[in-house]
Amino acid sequence: MKSFENSAVKVFLKKGREKSVKNFHPWIFSGAIERITGEFSPGDIVSVFSSDGVFLAKGFINPQSQIRLRILSFLEEPIGPEFFIGRISDAYRYRQSILPARTNAFRVVHGDGDCLSGLVIDKYDSVLVIQLFSKGMEKLRPHLGEWMESVFSPAVILERTESFSLAEEGIPAKKEIIKGKVPVELCVEEHGMVFRVDVWNGQKTGFYLDQRDNRQRLAACSGGKKVLNCFSYSGGFSVAAALQGAITVSGDVSEKALELARQNFKLNGIPLVGHRFEAADVFDFFQNNKEQYEVVILDPPAFIKKRMQILKGARAYQEINRLAMTRVQTNGLMLSCSCSAHLSWDLFQKIVFAAAQQSGRAVQIIGRYGQPPDHPINIYHPEGEYLKSLLLRII
Ligand code: SAH
């Protein structure tokens, strides 16, 4: 049986530092390591032992990263192609079991959330988009095509390894077609709505799959209302609201994103008349536009990408939330989101509290939502929770 392991290497943890591994946390930081025996190269799969030699786990080693080891298994099981194909198939089967009707775009593998540290796979109908975030997964890149073939038989596979955090893992960015040809006009279904997805040039892997459930929730309370969708990207929230009869304004700094949004309106049979698409920085938009709305959606990009940006990012969240609140009509609704993993629920709510106070509005929290079930959070890896949304009633 083929193995990907480097069995010549043993990593021993410092005495008393095995606690997090025993709690099934998938990351081991450099400070916990006592010594390493044997020769290895970055990304190898090695075994980890306690200081007195008891087997603890197997995972990717990367001397360049603060996250020195990314654990794949806490069992003494062989790690070869069957291991990865098995994990990916399990993740896929689970998604198929929870997927809403008339939806063919979803995340199949969500990194540590699926115990596959550094691997993200999004499926858009028969197109797979892969992102690699760990040196170990990057090293296994030559096998990806084969694994994808055996689990999905996709028409197209492409890799978009482009995240800001790659340097920390020592991975170069890569954008490459692994199989097939990128469709010129790829359209997917979400709850029966149709969205055009630009998997090659679009943001993330082409679509914000993680807002699927929030789009549904928002649509349910937008019927016939005047809706402002800030940071709209390709208009997901706008389309969902407009299909319920809402009159929408979509604001995004990217004209390309707004062009996709217009196409998405048409694809869903919504005439553009009455709907507006504003290509502007949202902060400027609020400066220049004093209109009031019955529903405001605020889904900014991650203002905090690294821990050291928390203070600066928190100020930006507070300011944008304050501005948005001033534009919500009495008894209107606002959906405020943050996709910064470094921002805790507690701090997020404090920021929204401060924004409410500054805007002088009375605010009720009427919903609190996290990631959809195709973006699972491994309970032993709370760092995997990134999306936080508060549905607010602004009085
Ligand atoms: N709500 C969207 C996803 C939003 S992602 C959805 O459900 O699909 C964040 C968006 O904010 C991106 O489209 C990006 O182009 C836009 N953006 C980033 N900075 C901005 C700014 N300062 N003003 C306006 N839009 C901005």
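When a ligand or atom number is given, it counts from 1 through the structure's own listing order.
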task = Run through F265, F285, Y233 and flag the one making a ring-ring contact (aromatic ring centres under 6.0 Å, His included) with F277.
result = F265
ask   = Going by the angle between their ring planes, with limits at 30° and 60°, are W147 and F4 parallel, tilted or perpendicular?
value = tilted
ask   = Would you call the rings of Y92 and F152 parallel, tilted or perpendicular, where under 30° means parallel and over 60° means perpendicular?
value = tilted
task = Determine, for Y369 and R217, whether the Lys NZ or Arg CZ falls below 6.0 Å from the six-membered ring centre while staying within 45 degrees of the axis.
result = yes
query = Does NZ or CZ of R35 come closer than 6.0 Å to the centre of the six-membered ring of F12, within 45° of the ring's axis?
reply = yes
ask   = How about F207 and F195: are their ring centroids closer than 6.0 Å?
value = yes
key: Protein residues having a heavy atom less than 4.0 Å from any atom of ligand 1   = Q203, Y208, Q211, R215, F231, S232, Y233, F237, D252, V253, S254, A280, D281, V282, D299, P301
